[in-house]
Number of protein chains: 2
Amino acid sequence: MAVHLRPGEALRLWQDVAVTEARAGRPDLSMRQAAILLTIYLEPPPHTIRGLAARLNVSKPVITRALDMMGALKLVSRHRDESDRRNVLVKRTVEGALFVERFGDVIIACAKEPTTP
Amino acid sequence: MAVHLRPGEALRLWQDVAVTEARAGRPDLSMRQAAILLTIYLEPPPHTIRGLAARLNVSKPVITRALDMMGALKLVSRHRDESDRRNVLVKRTVEGALFVERFGDVIIACAKEPTTP
DNA sequence: CTTCTCCGTTCCGGAACCGTATCATTCCGG
DNA sequence: CCGGAATGATACGGTTCCGGAACGGAGAAG
């Protein structure tokens with residue numbers, strides 16, 4: 001299941017994807033924000049602010065702010081944990097799932113055929 | 001030379017790299033900034049502000065600001081084009097080359113064995 | 001009930017970034 | 001020589017983000 005990737009290919013792939021996303025004029029996510037979004041969509045729930053902060057080794061306000069931003073874009077949603085009302089559970093949305101899926105398509109397309117401008 | 005990558009692998013790879021970079025506490029580059037840096041280091045010179053702006057489909061000030069930031073980190077350097085002094089040529093630096101190379105290593109490592117925390 | 005701990009949010013001053021518009025310098029054609 | 005085009009930098013007003021500290025609500029322990 002390991003992916004075989006050589007140095008030149010790895011960097012070229014990253015560049016192609018970054019350029020494609022930049023050109024598309026989509027919201028310019030930082031590496032941190034991407035890490036948060038992908039963690040929510042790729043790792044099994046539940047996701048809490050505390051847990052995400054520990055997973056990414058950043059402070060809690062960083063997570064709160066990122067969720068504010070992504071919430072405004074409807075990429076994630078927040079719900080109180082009714083079993084322990086101190087917690088906030090971060091949930092996925094349809095829009096977010098589409099966004100992530102589309103992003104995956106961009107990566108695969110760039111991996112398949114290097115963009116030659 | 002095409003890289004074979006399936007949907008799940010592509011997103012998982014991106015997440016692993018993003019999380020690794022976030023945890024490392026390194027400068028949190030946005031997708032745009034990454035696109036600029038990698039374009040400078042992977043595509044053949046010369047690189048001008050105008051050219052980079054057109055390549056990424058963004059405004060010139062975006063490039064100028066990104067270069068200001070990366071210049072402060074010594075990842076790139078600027079030089080007047082002596083043959084046409086209106087142009088500024090963006091050049092690579094030793095530090096920048098190391099930064100990009102190390103980033104490539106992270107990608108390859110994440111591709112090789114998925115991080116299982 | 002009181003206290004202590006845990007969780008997420010908000011506040012604060014400062015920094016970075018955005019898009020648009022404008023500026024200074026340089027080149028070039030008439 | 002002179003006016004226009006091109007290039008990169010800068011000014012401006014507004015938004016977002018940062019790290020660290022403080023805060024309020026909710027559970028746990030006594």
Side-chain angles (χ1 to χ4, degrees), chain A residues 18-19 21-37 39-40 45-92, chain B residues 18-19 21-40 45-92 99:
Chain A
V19 169
E21 287 293 309
R23 293 191 63 89
R26 263 185 283 273
D28 186 29
L29 294 183
S30 73
M31 194 89 74
R32 278 184 179 183
Q33 295 167 335
I36 295 171
L37 186 65
T39 295
I40 294 169
H47 297 291
T48 66
I49 275 75
R50 184 92 182 150
L52 290 170
R55 178 82 171 84
L56 302 189
N57 197 30
V58 297
S59 67
K60 288 185 294 177
V62 167
I63 305 295
T64 293
R65 277 188 293 259
L67 293 183
D68 287 345
M69 185 269 238
M70 294 177 191
L73 295 176
K74 310 237 185 216
L75 298 180
V76 298
S77 66
R78 275 187 269 209
H79 304 276
R80 276 284 164 197
D81 179 354
E82 287 304 328
S83 75
D84 182 345
R85 298 186 49 77
R86 288 175 300 180
N87 292 335
V88 165
L89 301 178
V90 183
K91 304 255 186 158
R92 304 167 185 169
Chain B
V19 169
E21 288 292 310
R23 292 190 65 87
R26 263 184 283 272
D28 185 30
L29 295 182
S30 72
M31 192 88 76
R32 277 184 178 183
Q33 294 167 335
I36 294 171
L37 186 66
L38 291 174
T39 295
I40 293 169
H47 298 291
T48 66
I49 276 76
R50 184 86 182 158
L52 290 169
R55 178 82 171 82
L56 302 188
N57 199 28
V58 298
S59 65
K60 288 185 292 178
V62 167
I63 305 294
T64 292
R65 276 188 294 257
L67 293 184
D68 287 346
M69 183 267 236
M70 294 177 192
L73 295 176
K74 308 238 186 215
L75 298 180
V76 298
S77 65
R78 275 188 268 209
H79 303 276
R80 277 282 163 195
D81 179 354
E82 288 304 328
S83 76
D84 182 344
R85 297 186 49 78
R86 288 175 302 180
N87 292 336
V88 164
L89 302 179
V90 183
K91 304 255 187 158
R92 303 166 186 170
F99 183 91

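Lettering follows sequence order; numbering is per chain, from 1.
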request  = Treat primed atoms plus P, OP1 and OP2 as sugar-phosphate and everything else as base, then score nucleotides 13-20 of chain D 5' to 3': B for base contact with protein heavy atoms under 4.0 Å, S for sugar-phosphate contact only, - for none.
outcome  = ----SBBB

Separation of [X] atom [atom1] from [N] atom [atom2], in whole Å?
X: D68(B); N: dG8(D); atom1: CG; atom2: C1'; answer: 11 Å
X: D84(B); N: dC27(C); atom1: CG; atom2: P; answer: 5 Å
X: I63(B); N: dT10(D); atom1: CD1; atom2: P; answer: 16 Å
X: I49(A); N: dC6(C); atom1: CD1; atom2: P; answer: 17 Å
X: M31(A); N: dA16(C); atom1: CE; atom2: P; answer: 19 Å
X: L52(A); N: dC7(C); atom1: CG; atom2: C1'; answer: 13 Å

How close do [X] and [Y] get, heavy atom to heavy atom, and via which atoms?
X: R55(B); Y: V19(A); answer: NH1-CG1, 3.4 Å
X: R32(B); Y: A22(A); answer: CG-CB, 4.3 Å
X: I36(B); Y: A66(B); answer: CD1-CB, 3.5 Å
X: M70(A); Y: Q33(A); answer: CE-O, 3.1 Å

ask   = For residues 72-81 of chain A, which residues have at least one heavy atom under 4.0 Å from DNA chain C?
value = R78(A)

[X] side-chain N/O to [N] phosphate OP1/OP2 under 4.0 Å:
X: R86(B); N: dT25(C); result: no
X: T64(B); N: dG8(D); result: no
X: N87(B); N: dG8(D); result: yes

message = So, applying side chain to side chain contact (heavy atoms under 4.5 Å, CB included) with S59(B), which one of V62(B), L56(B), N57(B) is it?
response = V62(B)

key: Nucleotide of dG27(D), dT26(C), dG8(D) approaching R85(A) most closely (side-chain heavy atoms)   = dG27(D)

task = Just compare dG8(C), dA26(D), dG8(D) and give me whichever is closest to any side-chain atom of V88(A).
result = dG8(C)

query = If only atom types and distance count, is the side chain of H47(B) paired as donor or acceptor with the main-chain N or O of V90(B) below 3.5 Å?
reply = no

ask   = Has the side chain of R85(A) got a donor or acceptor atom that lies under 3.5 Å from a matching backbone atom of R80(A)?
value = no

5′-ward residue of the pair K60(A)/R50(B) relative to DNA chain D = R50(B)

key: From CA spacing to verdict: side-chain contact (heavy atoms from CB on, under 4.5 Å), T48(A), R86(A)   = CA-CA 10 Å; T48(A) 66; R86(A) 288 175 300 180; over 6 Å; no

request  = Please say whether more than 12 non-hydrogen atoms of neighbouring residues, nucleotides or ligands are located less than 6.0 Å from CZ in R50(A).
outcome  = no

